[in-house]
Amino acid sequence: MTKMKKTSQICQSKLPDNTALKQQQLPAYRLQLSATGVLSGFFATGAFCLGVGIILILSAKSIKEIEIKYTKICANCAELREDAINFDKECTCSIPFYLSETMQGNVYLYYKLYGFYQNLYRYILSRSNSQLVGTDLKDVGNCAPFSKSHNGTPIAPCGAIANSIFNDTIILSYNLNSSIHMEVPMLRSGITWWTDKYVKFRNPSAINLSSAFTGTAKPPYWSKPVYELDLEDTENNGFLNDDFIVWMRTAAFPTFKKLYRRLNRVQYFIEGLPAGNYSFNITYNFPVTRFKGEKSVVLSTLTWSGGSSLFLGLAYTVTGAVTWLAAFSMMAIHLMLKEKRTLFIERFETERDRA
Amino acid sequence: MFCSKKKSLEVERIVKANDREHNEKFQYADNCIHTSKYNILTFLPINLFEQFQRVANAYFLFLLILQLIPEISSLTWFTTMVPLVLVITMTAVKDATDDYFRHKSDNQVNNRLSEVLIDSKLQNEKWMNVKVGDIVKLENNQFVAADLLLLSSSEPHGLCYIETAELDGETNLKVRHALSVTSELGADISRLAKFDGTVVCEAPNNKLDKFTGVLSWKDSKHSLNNEKIILRGCILRNTSWCFGMVIFAGPDTKLMQNSGKTKFKRTSIDRLMNTLVLWIFGFLVCMGVILAIGNSIWENQVGDQFRTFLFWNEGEKNSVFSGFLTFWSYIIILNTVVPISLYVSMEVIRLGHSYFINWDRKMYYPEKATPAEARTTTLNEELGQIEYIFSDKTGTLTENIMTFKKCSINGKIYGEADDDMGQKTDMTKKNKPVDFAVNPQADRTCQFSDHRLMESIKLGDSKVYEFLRVLALCHTVMSEENSAGQLIYQVQSPDEGALVTAARNLGFIFKSRTSETITIEELGTLVTYQLLAFLDFNNIRKRMSVIVRNPEGQIKLYSKGADTILFEKLHPSNEDLLTLTTDHLSEFAGEGLRTLAIAYRDLDDKYFKEWHKMLEDANALIDERDERVAGLYEEIERDLMLLGATAVEDKLQEGVIETVTNLSLANIKIWVLTGDKQGQRVAQHWSSTLDTSGLLETAINIGYACNMLTDDMNDVFIISGNTAVEVREELRKAKENLFEQNRSFSNGHVVFEKQQMELDSVVEETITGDYALIINGHSLTVYDQWFITLFNIVYTSLPVLAMGIFDQDVDDQNSMDYPQLYEPGQLNLLFNKRKFFICMAHGIYTSLALFFIPYGAFYNVAGDDGQHVADYQSFAVTMATSLVIVVSVQIALDTSYWTVINHVFIWGSVATYFSILFTMHSNGIFGIFPNQFPFVGNARHSLAQKCIWLVILLTTVASVMPVVAFRFLKVDLCPALSDQIRRRQKAQKKAKPSRSRRPQTRRSSSRRSGYAFAHQEGYGELITSGKNMRAKNPPPTPGLEKTLYNSTSWIENLCKKTTDTVSSFSLDKTVKL
């Protein structure tokens, strides 16, 4: 008897547990592509996409944007910059333009580069984050070929990105009438990411900035050292210079625009940029003709979704339309073939019943 | 624990008993075995070496080396290192655990104790310390420690019984037989200790059925054959003790010699995967070349001017060289196109599935308390793709429990109509009392009884008497009385047992035998017959006869055998009866019964004496002995008088009919290896196009029983292996599947199908999923390096795994009901090259959508704070997020069976993605590693932008919608069976009556022979020599009763490894049928 019990216990212990997991009986929902589900899903998605598309197109249309390419306009400056020998010769260029409509609300000033491959693999890597965060000025490890100057002192900020900084100065002036030319008030703040300004870029700690950067050399293409980038605002120097930070956030495509300034909405400009005559006064430093590139300045307003282009709206509209088209044709096919089908399963079952 | 290692090649082995010193000179391996592969020191190098032999690992090592070259290193080393290390560690851990268990089982085996004769004393010694030449004592039911030469045993004439199930899978007992000179030693320790015979024999080899050697002892030589050897792995049965001398030990034993290296079995999916990986690699190289050419052109046209500007003091560079470097860079960047994680996913999924198999209660066999066991994880998915099943018949398809069902005596059928319920009850009412009244010694297990037959016996029908006499006399059964005084038969073939028991129940009770007499009780009177000759069974003769002298002094030859053979030997006067009996036989065979014809012959004294003289002369011959004897047998077994035929039922195992029917519906071809017709192996194959008329076997009856065959069906053919070359080809082709399928089938549980179904669907989907995401993901180079590193491993692997493991495309009931679901698997419709290219196309489409939609949308766009959003890092984050979402939606769509776990994994992996994203882009981690995590603040800024979410949404819609549309149209236009079943399943979710099985209709016509006889040659000799007879109470019946024992795992391991050997054994088994 005891033996029997024992064996039955053994039997019991060998019997697999009767849990839902082990017996593959977990409650489950079966996903089924039913005709109504799929078709209504398609119609709904299509409607949604069309709606979003139209809204996006409309809001994109509402954006006011002005772009002025100035490489050709400032041809003489461009020519001058072809040759690096002339690096210390200043060249300015004034571009008058007429704003026919008021640019309502916030207005942003961008510079835009064509054909500048900021996404080049080696270019992107050519920087030192640990230097830029101020912890280790001597860390120029990834910055080749701009890691050290000819005499071996480390470059700060090192690397190809920093070296190739966009260094034109753009000033927008409003010509109230033929005699009064006033500089449009622009804000430099708020053009960078908060994390960039306060986390990613830090100046080395020292009593003053110039002493902090002793023992380093300025990038070869720079005319001034990093601690003298902004002579007006001492806080805007070193690695914390806003233009520098903006430039260091490399663009994904060879054509890109970067935020340069934003309109300070005071006095005449509370509503935005009023219609009228303006001119850009540009100190032309950045050479683009050498790589067959172009430069432009852009003034733009925004909508709820940002400075969106037409593409996204169009893409949504097209997707929505295609989805609807697909839904209609699927419905047609489904209804047409519904009658004709003899399902294999039914054939099989009749066969089986016969057998 | 270390075992001594082997030395040079051995030509012949010389072993001297009880002389360790002498034997040590030869440095024979000791009895320590090690199936383990590594030890602590060798583990790392050997395991790493093995792992890097896998193409995928080697490839990634190569990549890693490429990445260490700074000129071309486009990704940092950790992108390759992390997954590679992960994969290698996982595999290493698995290998280490496996090996640990091997070590453990080795240890356990090596430390088993056995009694060894050392210094003239029996001492307990660990197995591993047993040396060649030692004399070992074995006791009943013990495992044999090494290959032994049997010296003596408790049984008379030095016989001993062994069970070789662990070696060849046969469960019947085998007899081993010591030399008479050594069997005299008995259990006399002092004499055994003085035994100093020298054995010269063959070198260690793996032939389990062969042994040649010579024992020299006391100036005489005795030849040794396999009959005198007990192999390691056998179990001693029904023998209280025996002594043996160790000939081969440890790794030299035949068992270990058979173990060999584990051959890694690959499934067709593995092979396909390897091909596809090669293709992907080719694709990668092509991409690399195209991109490199593009790079050269760009460098030439644009980059040149750019370089001076951006790269300062670098000299002019050759654009071709730059292209060359770019090629390697792209090989590195695109490396994840080659799916290393796929191999890992496959492994994990297989492991999961094998657990499900082990856990399945529906595959639990309560009678033996055994759950299903998936012994290997490498072949799971192949379960659903079986095309052929090779099955042994007796004991596998049938229960191997024989019951006497019917007989035809002198042209009359007895034991009719057991199908009819009414008659059955009728029969029990009428007959059982009669039966017991006549015969108190009836074996109640035997069901046969027919009132008419009882009547005939009462009436004294001499033919009936003679018929029953044959049954009671012509056999090799041994009788004995158990403690309760009941008669018990020891049978070595269950067929004979059934026949003798039938005779017993009908009043002709076989009581006892000596080597010269057989005593039976004929309707209450004891009659002793003199046994004059025993014409033993063998496969060629297919019959057996005894020549006896009855008390009246008449000499009779009683014969039973295959109808086709016996009918040729009949006296011409039997013609009418022959026709009648033949019809009866066909009928029996049609019902799937095993039949034997019964005949006798009266011999006259003089003729017999002459014949007997000749037989004795022939037996004395050395050359051509067998031929002469066979000739003499032929000579006397003629002019027989037909008595009738018997029909024994070997019941089909429970569920065989349903199983076979389902299998055939699933288009799985079944080959049954069964008894032979003309000394040839015959395999039967139900499926193709040949007529059934001629040669027929009982196996076909199974076919009939299972409704697989009908008379006009042209789809059975019988292969006789010696003739058709192309058949052999096919056999060979199918051979590799043999073992495992045999195994799975003999489990006998149909429920597998569930798993099988799941498996193949799942594997397909896994791969689809994986390929899709791999191709999607990595044709692009804009991702964050960490993203590339983690993408396959963390973000998307778990949902794929969950789907792979938990998905069920149809439920178990339906997969049983619709066996046709298998066909797509067999035809490789679920995962094939075409599918793969569709996946590729899908992947390419998705990657285009993933790239160009964000590209277009970002081209000239500013964020809602006016800042530009099209910076490289934001673009990367957008794409990565879109990708993860697209892939998750894709997997969600592919998952047709959403369990909690799927939910957790799919949602969880999206959640994991975001949490990892935010962690990596966090200030804290940047503060610690500013150079490694330059994406600080990115997730926060980008994902706060409305336009980025709009882009992600559009990308998802654009890449998922076409897939849904195609899938819907496919299901709608040409639905696969599984789709239909799923649809139906959903509809019928509530009311589900269990489908009633079709009633079985049995065939009962057509001429065929159901001859079958599970018999072994050689017992006749034992009987006539009287060697297997004893006065004392013998141990339990061999063959029938077997004590349950736990077969130890190491032996299983070994058996597993000997796939080839075992499969050849299953072929060999046919001989005994």
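In what follows, chains are A, B, ... by sequence order, proteins preceding strands, each numbered from 1. Just so it is clear, the structure is predicted and the values come from calculations on it, not from any experiment.
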Centre of A/Y111's six-membered ring, under 6.0 Å away, within 45 degrees of the axis: is that where NZ or CZ of A/K258 sits? no

Non-hydrogen atoms of chain B under 4.5 Å away: do they reach the side chain of A/T192, the backbone, both or neither? backbone

Tell me, for A/R249 versus chain B, whether the close heavy atoms (under 4.5 Å) come from the side chain, the backbone, both or neither. both

Is chain B contacted by the side chain of A/L314, its backbone, both, or neither, given a heavy-atom distance below 4.5 Å? neither

A/A326 versus chain B, the contacting section by heavy-atom distance below 4.5 Å: neither

Who among A/N119, A/I124, A/N106 has the most heavy-atom pairs with chain B under 4.5 Å? A/I124

At a heavy-atom separation under 4.5 Å, does B/I948 approach chain A through its side chain, its backbone, both, or neither? neither

Under 4.5 Å heavy-atom distance to chain B, tell me which part of A/F48 shows up: side chain, backbone, both or neither. side chain

Is a side-chain donor-acceptor pair under 3.5 Å present for A/R127 with A/N129? yes

Yes or no on ring-ring contact (aromatic ring centres under 6.0 Å, His included) for A/Y117 and B/W298, after CA distance, side-chain angles and deciding distance? CA-CA 11 Å; A/Y117 289 84; B/W298 186 88; 4.8 Å; yes

Do the ring planes of A/F253 and B/Y855 sit parallel (below 30°), tilted (30 to 60°) or perpendicular (above 60°)? perpendicular

Given that the side chain runs from C-beta out, which part of B/F852 has a heavy atom under 4.5 Å from chain A: side chain, backbone, both or neither? backbone

If we only count heavy atoms from C-beta on, is the A/I155 to A/P220 side-chain gap below 4.5 Å? yes

Contact class of A/V199 relative to chain B, heavy atoms under 4.5 angstrom: both

A/D139 and A/Q131 side chains, donor-acceptor separation under 3.5 Å: no

Do A/T250 and A/Y123 get their side chains close enough for a donor-acceptor pair, meaning under 3.5 Å? no

Under 4.5 Å from any heavy atom of chain A - which part of B/V936: both

Using the six-membered ring wherever Trp is involved, compare the ring planes of B/F851 and B/F875 and label them parallel, tilted or perpendicular (cut-offs 30° and 60°). perpendicular

Select one option (side chain, backbone, both, neither) describing which atoms of A/T319 are under 4.5 Å from chain B's heavy atoms. side chain

Engaged part of A/V52 at the chain B interface, taking heavy atoms whose separation is under 4.5 Å: side chain

Please classify the contact between A/Y316 and chain B as side chain, backbone, both or neither, with a heavy-atom cut-off of under 4.5 Å. both

Any donor-acceptor N/O pair, A/D196 side chain to A/I245 backbone, under 3.5 Å: no

